[in-house]
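Inspection log for the structure reproduced underneath, given as structure tokens.
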Amino acid sequence: MEYNYQAIEDRWQKLWDEKKIYEPVMGGTKFLITVPYPYCNGALHIGHGRTYTIADIFARFKRMNGYNVLFPMAFHISGTPILAFSKKIERGDKTTIDLYKSYMELYGDDPEKVYEFSKPENIANYFANKIILDFKNLGLSIDWTRQFNSGEKIYNKFVEWQFRKLMARGYLKQGDYPLLYSPSDGNPVGEDDIQEGDTDKVSITEFVSVFFEMGEYNLLASTLRPETLEGVTNLFVNPDSIHSIFLLNGMKFIASNEGFNKLRYQLKVEKIGEIKGNEMVGKVVKEPLHGRSIPIIEGKFVDPDNASGIVYSVPYHSIWDYVALKESGAIIEPIKVIEMDEEENMEDIMRKFNISSLSDGEKLEEATKFLYEKEFYHGKIIRGDYEGKFIKEIKDKIVEDFISKGIAIKFYETSRKAYTREGDRVIVAIINGQWFIDYSKQEWKEKVKGLIDRMELKPDPLKSQFLQMVDWIRERPCARRRGLGTRLPMDPEWIIESLSDSTIYTSLYPVIRYLREIGYENLDDSIFDFIFLGENVLENKDERIKEIARNARKEFEFWYPVDLRHTSYPHISNHLTFYLFQHVAIFPENDWPVGISTGGIVISEGQKMAKSKGNVIPLLTVKRKYGADLFRLYLASNADVWYDVDWRSNEAENYTRKMERFFELASEASKVVDEPDERDLWLIARFNRRLAKAKQSFESMKIRDASIELFFNMLNDVRDLENFAGKERMLRVVRKFADKWALSLSPIIPYISEEIHSIYGGSEFASLQNYPVPDNSYENYEKEWQFIESVIEDYRNILKISQEKHSKLIINTAEDWKWELLERYRNEGKHIMKDIDGEKRDFVLQLIKKGDIKADIRNEADVLEKYKDDLKKFLNIDIEINGEIPPGRLKKAYPGKPSLTLS
RNA sequence: GCGGAGGUUGCCGAGCCUGGCCAAAGGCGACAGACUCAAGAUCUGUUCCUAUAGGGGUUCGCCGGUUCAAAUCCGGCCCUCCGCACCA
């Protein structure tokens with residue numbers, strides 16, 4: 001029978017669907033496994049497929065081990081990307097339209113319907129449906145009856161409830177916060193609103209703008225290195241740029257016009273005049289720390305469009321300043337502020353980086369970075385209030401001090417010059433009243449740590465990574481002005497941000513159908529309190545709703561908490577950490593998560609998948625080209641769960657042949673009627689040994705080990721038997737365990753497993769069978785075979801170095817006295833060396849050196865006799881057992897390793 | 001810098017926790033043979049060096065240490081990758 005994966009997979013998928021075998025009802029020992037839901041803005045690629053497949057393999061294994069497994073999923077649509085895409089399509093953005101057309105073509109839909117995507121919910125629904133198809137194709141044992149998406153009204157109500165709880169527990173707060181912003185648009189902007197925003201990320205840089213007094217004015221000079229202020233020797237002002245004079249807190253300031261226009265969005269300032277740069281050059285200002293007078297020097301290199309457009313100069317520690325001063329011809333003695341074990345001299349740096357003038361911009365940048373890193377991590381301050389401190393320890397404190405002393409302000413600037421897709425400038429604005437979740441609360445952190453401590457976390461390092469995260473996590477902005485999602489109930493101007501609205505939604509899986517029954521318009525906090533927290537607060541509801549709620553509560557209590565949440569490691573530092581915090585904040589302790597596992601990502605042909613590289617492989621392509629089973633097997637066996645998988649198409653081709661071989665073996669064997677030859681029973685022993693090992697591997701999520709044992713190594717064993725004993729004999733043995741073999745692989749390759757199981761007369765689904773139990777009653781046959789194998793290996797070894805032609809192989813087993821000594825050695829240890837000598841001594845010495853023997857069978861000669869004909873044929877040489885050989889040769893014979901003589 | 005992972009024989013990648021059966025699984029690649037008119041696919045064998053009898057030598061980032069014995073344990077050093085947030 002030919003292996004037609006397409007037909008097999010279609011058939012079983014349909015049957016699973018029809019019989020609803022992955023839609024569990026309450027009862028037995030439950031196991032709830034979840035994976036973070038995907039964001040529905042495009043076709044899924046093989047990386048998404050992996051995370052779900054690993055979870056599915058584990059779910060299937062658990063199911064076959066008697067657990068009542070619930071594996072639900074839902075869809076994420078909150079946030080800005082979907083909205084942004086739909087806007088772009090509405091605007092007619094060609095790149096986006098082409099991208100979405102290509103998705104639609106991939107799925108065989110009419111690309112002209114792309115214009116329906118100008119409604120964001122159409123994007124979300126379209127891809128949610130495609131994801132369902134993709135995942136059904138993959139053979140995931142998901143209960144689709146419990147799906148929902150994060151844009152549903154029920155979901156909104158639920159998240160509102162969650163945030164009111166957070167508020168009541170004091171975990172929400174408001175404050176000011178810098179954001180990327182488009183002044184012409186009057187709105188914050190995200191990555192996808194910015195030109196090249198996805199490939200060249202824009203972040204917010206925090207400058208410190210220090211006040212330098214010039215008469216009644218303060219010049220605002222900006223720096224990224226406030227710790228060097230002690231070493232300031234002068235200011236640089238661009239003579240050609242126009243500067244604004246403005247009021248801030250009643251004081252008069254000067255900054256470049258460009259700088260002032262940014263500051264307007266960060267602080268309350270009022271422009272009262274202008275002054276040109278060259279009017280200031282040559283004047284003197286007072287530095288704020290000691291009131292020293294320093295000159296303003298002309299600096300044409302100063303970019304008025306960077307921060308406040310005025311800089312202060314620290315020639316001892318800044319290569320820019322050093323070179324600029326050198327060029328200006330001014331005679332100024334640098335002041336040293338930072339000391340390092342290995343001092344860097346500016347002249348050396350100039351040589352090292354091949355800098356000759358200010359026009360070497362790139363090299364100057366490079367040198368600046370080099371110097372800064374060195375000084376930041378190794379430099380110690382040697383002047384002023386912070387003398388003796390390391391910069392890395394004190395930098396933040398310095399900034400705070402300057403601000404509280406009233407000698408500086410923070411100035412937020414974009415990390416590079418950025419423009420919106422419409423071409424308008426992107427700057428940084430301070431948003432007032434930004435909402436935060438206050439993850440910095442100590443008591444909260446302690447509880448989370450307690451939880452982490454008792455959770456089952458895989459792989460092991462996950463625990464310390466989580467603990468680290470808990471220590472570091474601070475306030476997190478949790479709402480935005482735009483995007484899809486749930487409005488913040490206490491301040492509906494704000495929309496809850498997408499990572500904050502998806503932290504405890506796993507609790508909806510058990511009860512979503514009841515909530516639908518109740519209807520979103522009837523949902524209020526009391527119902528959620530009742531269902532999720534068991535608080536008895538339903539008095540004034542009508543009986544029907546009370547009844548449904550009581551059932552929901554029952555189902556929630558049954559399934560919750562989540563036994564295992566599996567995802568890829570990039571989620572550790574965000575989603576998973578929030579997931580833990582939020583559960584601790586909202587739910588009683590017995591509903592806190594039980595286990596988390598993280599896995600690697602998928603790379604393609606050795607490279608990270610990225611749209612820009614054009615090497616993203618859609619899930620659908622793989623399924624079509626190779627089939628789901630092959631893909632699953634590949635994922636399972638290519639790398640351990642927690643390492644990255646490298647998808648290589650030529651290896652995938654090789655898997656195709658293995659799959660075919662497996663299928664053909666099983667189906668051909670099913671037609672054989674003869675009983676196996678006793679000599680070949682070792683293969684059954686081998687299978688059972690591998691099965692036992694694989695089962696253990698599965699338990700600890702070592703899916704790779706399990707798949708290699710059961711699939712690849714087993715196929716090799718079968719091949720060995722075929723080569724040794726011929727196909728006919730091999731098939732007779734394979735028939736004996738093929739069904740069990742298929743079942744043992746069912747978690748990994750469920751479709752082919754169903755097919756083989758049915759060929760062998762199984763009337764129930766393989767997916768619902770008990771996982772096969774290893775049978776160790778064949779052990780002895782394997783020992784005998786191991787012995788034969790080692791003889792074959794030895795023979796080949798000798799053959800390699802012996803170049804003469806031979807027609808006969810004489811095999812002599814070890815003399816009895818050697819077996820006796822071996823027995824004594826095992827019982828008494830090396831002490832027996834005392835009272836033996838000569839040949840015996842040599843023998844025991846070898847034992848000590850080489851360790852015990854592999855194949856321990858006393859009747860070696862009988863076994864050899866048994867396999868003699870096979871060996872003859874296989875090695876293509878005449879064989880004699882315990883024949884005449886030169887006396888010295890017998891010395892080579894050891895228990896488990898007979899002497900071989902060629903003649 | 002902080003935290004995590006890792007450096008293994010041409011490549012990928014097991015082994016390391018629980019030292020000895022480890023010249024080190026498996027795959028890829030390469031070489032040779034079988035099949036074929038031929039190529040491919042498939043199958044078989046070889047693949048650190050050396051040796052015309054199963055032996056010897058040198059290997060598991062580098063340097064030391066523990067041990068009868070170390071890829072595996074301990075100490076130090078060098079190097080690589082990942083995360084460090086408001087982005088799903």
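A, B, ... follow the sequence lines: proteins, then strands. Residue 1 opens every chain. Everything numeric in this text was worked out from a predicted model, so none of it was measured.
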Practice task
Please list, chain by chain and in numerical order, all residues satisfying side chain to side chain donor-acceptor pair (under 3.5 Å) with A/Ser573, sequence neighbours excluded.
Solution key: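 None.
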
Handout entry: Residues forming a salt bridge (Lys or Arg N to Asp or Glu O under 4.0 Å) with A/Arg225, sequence neighbours excluded
Key =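 A/Arg225 satisfies salt bridge (Lys or Arg N to Asp or Glu O under 4.0 Å) with A/Glu227, A/Glu375 once adjacent residues are dropped.
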
Applying the Watson-Crick and G-U wobble criteria at under 3.5 Å, what pairs with [N]? Answer none if nothing qualifies.
{"N": "B/C16", "value": "none"}
{"N": "B/C22", "value": "none"}
{"N": "B/C81", "value": "B/G4"}
{"N": "B/C48", "value": "B/G57"}
{"N": "B/U72", "value": "none"}
{"N": "B/G10", "value": "B/C28"}
{"N": "B/A34", "value": "B/U42"}

Closest listed nucleotide, where the reference is the side chain of [X] and the choices are [options]:
{"X": "A/Ile473", "options": "B/C86, B/G27, B/A85", "answer": "B/A85"}
{"X": "A/Asn713", "options": "B/G83, B/G26, B/A88", "answer": "B/G26"}
{"X": "A/Ser498", "options": "B/A88, B/G54, B/C87", "answer": "B/A88"}

For [N] and [M], measure between their [atom1] atoms and round to the nearest Å.
{"N": "B/C35", "M": "B/C28", "atom1": "P", "answer": "23 Å"}
{"N": "B/A34", "M": "B/U9", "atom1": "P", "answer": "34 Å"}
{"N": "B/G61", "M": "B/C16", "atom1": "P", "answer": "15 Å"}
{"N": "B/G29", "M": "B/G13", "atom1": "C1'", "answer": "14 Å"}
{"N": "B/C68", "M": "B/C12", "atom1": "P", "answer": "37 Å"}
{"N": "B/C74", "M": "B/G7", "atom1": "P", "answer": "15 Å"}
{"N": "B/C82", "M": "B/A32", "atom1": "P", "answer": "40 Å"}
{"N": "B/C31", "M": "B/A69", "atom1": "P", "answer": "43 Å"}

Problem - Ion pair A/Glu860/A/Lys818, N-O distance below 4.0 Å - result: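 Salt bridge: no.
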
Exercise for the section: Determine, for A/Glu782 against A/Arg686, whether the closest basic-nitrogen to carboxylate-oxygen distance falls under 4.0 angstrom. Expected result: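 Yes.
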
Practice task
Determine the interplanar angle of the A/His575 and A/His571 rings, folded into 0 to 90°, and report it as parallel if under 30°, tilted if 30 to 60°, perpendicular if over 60°.
Solution key: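 Geometry flag for A/His571 against A/His575: perpendicular rings.
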
Exercise for the section: Kindly state whether the ring of A/Phe127 and the ring of A/Tyr100 have centres lying under 6.0 angstrom apart. Expected result: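 Ring centroids of A/Phe127 and A/Tyr100 are less than 6.0 Å from each other.
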
Interatomic distance where [atom1] belongs to [X] and [atom2] belongs to [N] [whole Å]:
{"X": "A/Leu499", "N": "B/A88", "atom1": "CG", "atom2": "P", "answer": "7 Å"}
{"X": "A/Leu809", "N": "B/A53", "atom1": "CG", "atom2": "C1'", "answer": "12 Å"}
{"X": "A/Leu467", "N": "B/G83", "atom1": "CG", "atom2": "C1'", "answer": "15 Å"}
{"X": "A/Leu179", "N": "B/C86", "atom1": "CG", "atom2": "P", "answer": "10 Å"}
{"X": "A/Lys693", "N": "B/G26", "atom1": "NZ", "atom2": "P", "answer": "12 Å"}
{"X": "A/Trp472", "N": "B/C86", "atom1": "CH2", "atom2": "C1'", "answer": "16 Å"}
{"X": "A/Gln465", "N": "B/C82", "atom1": "CD", "atom2": "P", "answer": "14 Å"}
{"X": "A/His76", "N": "B/C87", "atom1": "NE2", "atom2": "C1'", "answer": "12 Å"}

Is [X] touching bases, backbone alone, or none of the nucleic acid, heavy atoms closer than 4.0 Å?
{"X": "A/Leu902", "answer": "base"}
{"X": "A/Tyr39", "answer": "sugar-phosphate"}
{"X": "A/Ser500", "answer": "nothing"}

At a cut-off of 3.5 Å, list every protein nitrogen or oxygen paired with a nitrogen or oxygen from nucleotides 43-47 of chain B, distance to 0.1 Å.
from, atom 1, to, atom 2, distance (Å)
B/U44, OP1, A/Arg719, NE, 3.2
B/U44, OP1, A/Asn723, ND2, 2.8

Exercise for the section: Return the minimal non-hydrogen interatomic distance between A/Pro895 and A/Ala814, and the atom names on each side. Expected result: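 Residues A/Pro895 and A/Ala814, closest heavy atoms: N-CB, 3.6 Å.
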
Does OP1 or OP2 of [N] have a side-chain N or O of [X] closer than 4.0 Å?
{"X": "A/Arg690", "N": "B/A25", "answer": "no"}
{"X": "A/Asn654", "N": "B/C28", "answer": "yes"}
{"X": "A/Thr901", "N": "B/A53", "answer": "no"}

Practice task
Measure the shortest side-chain to side-chain distance between A/Phe687 and A/Leu710 over non-hydrogen atoms and say whether it is less than 4.5 angstrom.
Solution key: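 Of all side-chain heavy-atom pairs linking A/Leu710 with A/Phe687, at least one is under 4.5 Å.
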
Scan the side chains in residues 638-648 of chain A for donor-acceptor partners under 3.5 Å anywhere in the protein, sequence neighbours excluded, and list what turns up.
from, atom 1, to, atom 2, distance (Å)
A/Asn638, OD1, A/Asp646, N, 3.2
A/Asp644, OD1, A/Tyr569, OH, 3.2
A/Asp644, OD1, A/Ile601, N, 3.0
A/Asp644, OD2, A/Tyr569, OH, 3.4
A/Asp646, OD1, A/Glu605, N, 3.1
A/Asp646, OD1, A/Gly606, N, 2.7
A/Asp646, OD2, A/Gly606, N, 3.2
A/Asp646, OD2, A/Arg648, NE, 3.0
A/Asp646, OD2, A/Arg648, NH2, 2.8

Practice task
Identify, between A/Tyr569 and A/Ile708, the residue whose nearest nucleotide on RNA chain B lies closer to the 5' end.
Solution key: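 The residue closer to the strand's 5' end, by nearest nucleotide, is A/Ile708.
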
Handout entry: Contact nearer the 5' end of RNA chain B, comparing A/His575 with A/Pro898
Key =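 Per heavy-atom nearest nucleotide, the more 5' residue is A/Pro898.
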
Exercise for the section: Could you run through nucleotides 5-14 of chain B and give me one letter per nucleotide, 5' to 3': B if any protein heavy atom sits under 4.0 Å from the base, S if only the sugar-phosphate is that close, - if neither? Expected result: SS------SS

Practice task
Write out all pairs satisfying side-chain hydrogen bond (donor to acceptor under 3.5 Å, both in side chains) with one or both partners inside residues 464-473 of chain A, taking only residues at least two apart or from two chains.
Solution key: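 The answer is A/Lys449-A/Asp471.
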
Practice task
Give a yes or no on whether A/Lys445 atom NZ has more than 12 heavy-atom contacts from other residues, nucleotides or ligands under 6.0 Å away.
Solution key: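 Result for NZ/A/Lys445: enclosed.
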
Handout entry: Polar side-chain atom of A/Tyr181 near backbone of A/Ile431 as donor-acceptor pair, under 3.5 Å
Key =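 No; zero donor-acceptor contacts below 3.5 Å.
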
